[in-house]
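Have a look at the structure below before the remarks.
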Amino acid sequence: MTALAPVPTPAGPAAAPPAPRRGRHRLLPYLLLLPGAAWLFVFFALPLLQLAAASLYDPTGSLSTGYALTWAFGNYPTALQAYWPQFARSFGYAGIALVLGLLMGYPLAYAIAQKAGRWKNLLLVCVVAPMFTSFLVRTLAWKTILSDNGWLVGLLRDVHLLGPDGRLLATPVAVILGLTYNFLPFLVLPLYASLERLDYRLLEAASDLYASPLRAFRKVTLPLSMPGLIAGTLLFFIPATGDYINAELLGTPNEYMIGNVIDSAFLVRLDYPQGAALSFLLMAAILAVVFVYLRRAGTEEVL
């Protein structure tokens, strides 16, 4: 009986596979970020720096005589003192519109995500279909709907919710309705994305544990949908605060928001320092509100 020869096994450094070249792989993610970073730098950072410089121009300058960078920080308190009512109106209108959007958008997103069945895709198309047309066209459509001779005003007059001379157009109600309608899809879609992933068995478990429907919503559905709720409210509130089309077409100068003032400063009065200062004040106010909101929402989500 012959003994089998042992199978030679590779040993030593020669048997080890070649080490991968890690330097190139480490740089790859940063190289992929370069196009986006360059885009943001050219079309966001540089214009923002130019706007910041414009907000510090000498307010006595003009396009004909030129502007000098005199570091006029007084442009900020002057602009805020002159147009604080428009600031307050912008946040008030956007806040009321957001509340209306939540009252309509949350049940709609929940119904599409959990109850629509085979009609889910069709309902989603109906939500986003208005966005296939121009923002301006949609707002002009609301101007027709809310007109004094329109069917809606006529109906409200017939049921005595409006007086014989009552109107909706050119009122704060019209501006708020326009904001709610135009930005509602930005609220519904993130909510739908969160609610669509909701495990319905969790609600059944809450029901088995004798939770009421309201308590199950507060303890299960709402916390699980919080990421979509946060994203949707931000996508709704931020552009609604800076909007000026709805106030321009559906309101009067008494309903103008801060966006209308900024538009007038740049394009009508050609007061670039004031327009730039108002733009930065609006951006700072929105960032402060968003920061407080995220802190509060994050705390409530943890609790």
Listed partners of Thr221 passing side-chain hydrogen bond (donor to acceptor under 3.5 Å, both in side chains), at least two apart |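 If we apply the side-chain hydrogen bond (donor to acceptor under 3.5 Å, both in side chains) test to Thr221, skipping adjacent residues, there are no hits.
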For [X], give me all partners under side-chain contact (heavy atoms from CB on, under 4.5 Å), at least two apart in sequence or on another chain.
X	value
Glu248	Tyr256, Asn260
Thr78	none
Pro172	Tyr93, Glu255
Ser194	Arg197, Ser225, Pro227

For the rings on Phe217 and Tyr106, is their centre-to-centre separation under 6.0 Å?
->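 Yes.
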Quick one, [X] and [Y] - any side-chain contact, counting heavy atoms below 4.5 Å?
X	Y	result
Leu202	Leu224	yes
Leu108	Val127	yes
Leu146	Val153	no
Leu278	Phe87	yes
Asn246	Phe135	yes

Salt bridge (charged side-chain N to carboxylate O under 4.0 Å, His left out) against Arg118, all qualifying residues, sequence neighbours excluded |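 Partners of Arg118 under the salt bridge (charged side-chain N to carboxylate O under 4.0 Å, His left out) test: none.
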Partner residues of Asp58 under the salt bridge (charged side-chain N to carboxylate O under 4.0 Å, His left out) criterion, sequence neighbours left out |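 None.
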How many angstroms lie between CG in Leu80 and CD in Gln86, if you round to the nearest 0.5 Å?
->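 Atom-to-atom, Leu80:CG and Gln86:CD are 11.0 Å apart.
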State the CD1-CG distance between Ile258 and Leu281, to the nearest 0.5 angstrom.
->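 Interatomic distance, Ile258 CD1 to Leu281 CG, rounded to 0.5 Å: 8.0 Å.
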Using modelled atom types only, decide if a donor and an acceptor are shared between the side chain of Gln114 and the backbone of Leu195 within a distance under 3.5 Å.
->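 At least one qualifying donor-acceptor pair exists.
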Any residue meeting ring pair (Phe, Tyr, Trp, His ring centres under 6.0 Å) with Tyr244, in chain and number order, not counting sequence neighbours =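 Result, ring pair (Phe, Tyr, Trp, His ring centres under 6.0 Å) vs Tyr244: none returned.
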Just list the side-chain donor-acceptor pairs under 3.5 Å for residues 33-56, sequence neighbours left out, or say none.
residue: Gln50; atom: NE2; partner: Tyr57; partner atom: OH; Å: 3.2
residue: Ser55; atom: OG; partner: Ala52; partner atom: O; Å: 2.6
residue: Ser55; atom: OG; partner: Tyr76; partner atom: OH; Å: 2.6

Which pairs, with at least one residue in residues 144-165 and sequence neighbours excluded, count as a salt bridge (charged side-chain N to carboxylate O under 4.0 Å, His left out)?
->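 Non-adjacent pairs meeting salt bridge (charged side-chain N to carboxylate O under 4.0 Å, His left out): Asp148-Arg167.
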Taking only residues at least two apart or on different chains, which pairs with a member in residues 131-144 satisfy side-chain hydrogen bond (donor to acceptor under 3.5 Å, both in side chains)?
->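 Residue pairs with at least one partner in residues 131-144: Arg138-Asn182, Thr139-Asn182.
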When hydrophobic residues are tied together by side-chain contacts of less than 4.5 Å, even through go-betweens, does Val125 share a cluster with Met104?
->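 Val125 does not cluster with Met104.
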Under a 4.5 Å side-chain heavy-atom rule over Ile, Leu, Val, Met, Phe, Trp and Tyr, are Phe132 and Leu124 clustered together?
->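 As far as the 4.5 Å side-chain criterion goes, Leu124 and Phe132 are connected within one cluster.
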Can you list the other members of the hydrophobic cluster that holds Val99, where links are side-chain heavy atoms under 4.5 angstrom apart?
->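 Besides Val99, the cluster holds Leu103.
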